[in-house]
Trainee: 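Before I ask anything, let me first share the structure, which is written out below as structure tokens.
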Amino acid sequence: MTATWILLILLIIAAASFFLGRARAIACAGGDSRALHSLPGHYSWATVLVTLLPALLLLALLEISAALTPAGTLAVVILALAALAWSLRRITPVFRARATVERGVLALLILAACVAIATTAGIVLSMLFETLNFFVQYDWREFFLSATWAPRFQGGSELGFLPLLWGTLYISLIALIFAVPVGLFAAIYMAEYAGRRIRAVVKPGIEILAGIPTIVYGLFALITVGPLLRDYFAQPLGLGASGSSVMTAGLVMGIMLIPFVSSLSDDIIAQVPQSLRDGSLGLGATRSETIRQVILPAALPGIVGAVLLAASRAIGETMIVVLGAGAAAKLSLNPFEAMTTITVKIVSQLTGDSDFAAPETLVAFALGLTLFAITLCLNVLALAIVRKYREQYE
Amino acid sequence: MKDTLTETPAAADTAKIATRDLQVHYGDTHALRDVDVDIPDRTVTALIGPSGCGKSTFLRCLNRMNDTIPAARVTGEIRIDGEDIHDPRIDPVQLRAKVGMVFQKPNPFPKSIRDNVAYGPRIHGLTRTRAELDEVVEKSLRRAALWDEVKDRLDALATGLSGGQQQRLCIARTIATSPEILLMDEPCSALDPIATAQIEELIDDLRSRFAVVIVTHSMQQAARVSQRTAFFHLGRMVEYGDTGALFTNPADPRTESYITGRIG
């Protein structure tokens, strides 16, 4: 018998215990539910909890230790029934079922929090072990300091990560240079100038951008922005003849980031107290003076936080880069040249026939861990800035 | 029909502020009706009345702060020094520099004490050198009776001051743009009695240079600091006259009911 069947049986027992618990509680109160310490529903759930928990724990233990035997199955079912009988006997009018249910709820919430943390730890650990494997086979100084990225699957690869880091930072920088002013100005317009009706149209309009899948942005970069930049900027200026370029990917990624910056900044600007606006206007400042000198300084920490969140989003972006910037690992200052990023190389090292013992494959994990470290630092920085200044106006 | 207005009129040509047939609507609510008043210079004028009677609305008309509320509509005439403040040639931004306002809750900007006071002079370009600006900052803080308490920490954040100090800072900030009129909207309602006494003393001081108009919920405060008092009720100005006379011998039965505590 499989675990699915046992779960089904337990479910039936649980459903029965729900009604039995309630019936038992009302019976021992002599039919008057007001005489009970807790609500009848609490007795139902308390019975279900006590019935299911030990059986589920036993089931999990058996599953982990060995394949499930018929004897094990029987033991689980018997444990559930025994727990049901015990919990029914425990029910009296003074039994505090409400407290039992509260403890159950608390345990559930703690479990949910643990799942998130455990997953993060698991991800980091699995990356860490593969990364250590990689550095056993490949010198870490070469990886962090070499300026050449040339993997060869026959062996003898050069796996310097600097060109990839440079591409990542360059493209993200262009994206932010484009997205931050546009997003911020849009936010200022929406928070300070737009009337309610305009706001009701503009705000969802901008947020639609956030709902477009990044692969669609990538297509836009490939067939529209790339050729446009090549024909009207790169070729006339003599800077190159490539449709895929840092500029293409950066611009399109910038468009993707606008709603991030604008909607977070909009919320932050709206939180600046009206009394500060009144104070400034009352001193004879114009609206834009008020925004520049009072509102933006007051909202600055939050805006910096928003920008850093957008930055970690940009650093982790893959699809737009694959289609917009190409796959050539290069160290160059020319924004109209094709370059590539850490994320793109992770994908390309792991696709196809992967030999998980070769450094050419394992390097993906080292790259992934480095990327994780960069975005983690950015996020921590963003949180620290936001927290430090949060109480400035209160 | 207009309410009979009992007042000892200040001669219209000497009035600092004069309103005629002033009406304010917020959306569908008629918040202020038929206000005709002449407010003299170098006097403290108190506006009293129950909550929602229109006294704050009236105050916000005088520096056109109601312009910043989209639903507000102001009609009628307001003259300051004989000039209609709704005249298209008048820039509301300039007007607000001339008619300063102190708000109910102290609202210092999250900047240093110095930058708070220097804010107005900077945006209006009132000073040319750093030394001149420092002088204005000191003079304004002295006049707001705050200089001795903050002179050693002008670069500290203003939000770290106590409530009473913050409010005096806001008064200093307003004085720094050298206004001619000071509007105060319940300036002591968020303060403790000691801070309140300091601000009241300050208001009495300011009378020598400004026309002060103060909204207050406290009739004792009105009696202590003002020379003239206006009583508002349900959007109308019911009575306006010398403070002493209005409190000891009110002409209108509604005024009497309010100051003896029967309506409000």
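The shown structure was predicted, so the numbers you read here are calculated from the model rather than taken from an experiment. Here is the naming used below: chain letters follow the sequence lines, and residue numbers restart at 1 for every chain. Basis for what follows: all heavy atoms, side chains included, without hydrogens, waters or symmetry-related copies.
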Trainee: CD1 of Ile194(B): more than 12 outside heavy atoms within 6.0 angstrom?
Mentor: no
Trainee: Where does Val102(B) contact chain A at under 4.5 Å (heavy atoms): side chain, backbone, both or neither?
Mentor: neither
Trainee: Can you give me the closest heavy-atom contact between Leu276(A) and Pro110(B), atom names plus distance?
Mentor: CD1-CD, 3.8 Å
Trainee: Identify the two heavy atoms, one from Phe103(B) and one from Asp278(A), that lie closest to each other, and give their separation to 0.1 Å.
Mentor: CZ-O, 3.4 Å
Trainee: State which residue, out of Met101(B), Arg96(B), Arg173(B), fulfils the side chain to side chain contact (heavy atoms under 4.5 Å, CB included) condition with Leu283(A).
Mentor: Arg173(B)
Trainee: Does Arg209(B), at its CZ atom, have more than 12 non-hydrogen atoms belonging to other residues, nucleotides or ligands within less than 6.0 Å?
Mentor: no
Trainee: Would you please name every residue forming a side chain to side chain donor-acceptor pair (under 3.5 Å) with Thr43(B), sequence neighbours left out?
Mentor: none
Trainee: Check whether more than 12 heavy atoms from other residues, nucleotides or ligands sit under 6.0 Å from atom CE of Met319(A), and answer yes or no.
Mentor: no
Trainee: Nearest 0.5 Å, what's the CD-OG1 distance between Gln274(A) and Thr68(B)?
Mentor: 7.0 Å
Trainee: Chain A heavy atoms under 4.5 Å from Pro92(B): which part of the residue, side chain, backbone, both or neither?
Mentor: neither
Trainee: List the residues meeting side chain to side chain donor-acceptor pair (under 3.5 Å) with Thr177(B), not counting sequence neighbours, and say none if there are none.
Mentor: none
Trainee: With a cut-off of 6.0 Å (strictly less than), are more than 12 heavy atoms of other residues, nucleotides or ligands near CZ of Phe185(A)?
Mentor: no
Trainee: How about Gln94(B): does its CD atom have over 12 heavy atoms from other parts shown lying under 6.0 Å from it?
Mentor: no
Trainee: If you count every heavy atom of other residues, nucleotides or ligands that lies below 6.0 Å from Tyr217(A) atom OH, does the total exceed 12?
Mentor: yes
Trainee: Please, which pairs that meet side-chain hydrogen bond (donor to acceptor under 3.5 Å, both in side chains) have at least one residue in residues 248-257 of chain A, sequence neighbours excluded?
Mentor: Ser245(A)-Thr248(A)
Trainee: For chain A, which residues of residues 114-125 of chain B have at least one non-hydrogen atom nearer than 4.5 Å to it?
Mentor: Tyr119(B), Ile123(B), His124(B)
Trainee: Taking side chain as everything from C-beta outward and backbone as N, CA, C, O, which of these in Lys111(B) sits under 4.5 Å from a heavy atom of chain A? Side chain, backbone, both or neither.
Mentor: side chain
